[in-house]
Amino acid sequence: MPDYIRVKDRETKHEYSIVASTLSSEVHERLKKDAVHTDGSPLPPKYYRSPESLSSNASGGSPASASSGQKATPEKEAN
C-alpha cells in the first residue's frame with residue numbers, strides 16, 4: 001500500500017493527500033496531519049475558501065445574491 005502524506009497546495013491553499021514519493025516542495029507544503037482513514041484510504045480534499053467569501057454569506061451579503069428569484073406579488077397573496 002502506498003505511503004500517503006497530507007499536503008497544502010501553495011497556490012490554491014487546498015489540502016489533500018498524495019503519495020509521499022510525489023511530493024514537490026515547489027508545489028506542496030507538507031502538513032503534520034493524518035492523510036488516511038483508519039482503513040488506509042486517503043482522506044478527501046479540503047478545499048480552501050477565503051474568509052471574505054465566508055463572511056459575506058454569514059452577514060447576509062447583498063440582497064440580490066441571497067434572492068431565489070421568486071417574489072410574492074399582492075395579486076398572488078390575495079388569491
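FYI, the numbering just counts along the sequence from 1.
Grouped with L31 in a hydrophobic cluster is no other residue, since no side-chain heavy-atom contact under 4.5 Å to another Ile, Leu, Val, Met, Phe, Trp or Tyr is found. Connectivity analysis of hydrophobic side chains (ILVMFWY, heavy atoms under 4.5 Å, direct or indirect) links V36 to Y4, V19. The other members of the hydrophobic cluster of V7, by chain and number, are I5, Y16, I18, L23 (side-chain heavy atoms under 4.5 Å, ILVMFWY only). The hydrophobic side chain of Y48 is isolated, with no ILVMFWY side chain under 4.5 Å apart from it.
H14 meets the ring-ring contact (aromatic ring centres under 6.0 Å, His included) test with Y47; sequence neighbours excluded. Taking D39 as the reference, H37, S41 meet the side chain to side chain contact (heavy atoms under 4.5 Å, CB included) condition, with sequence neighbours excluded.
For the salt bridge (Lys or Arg N to Asp or Glu O under 4.0 Å) condition, the pairs that include at least one residue of residues 4-30, sequence neighbours left out, are E15-K33.
For S17 (side chain) and A35 (main-chain N/O), a donor-acceptor pair under 3.5 Å exists by modelled atom type.
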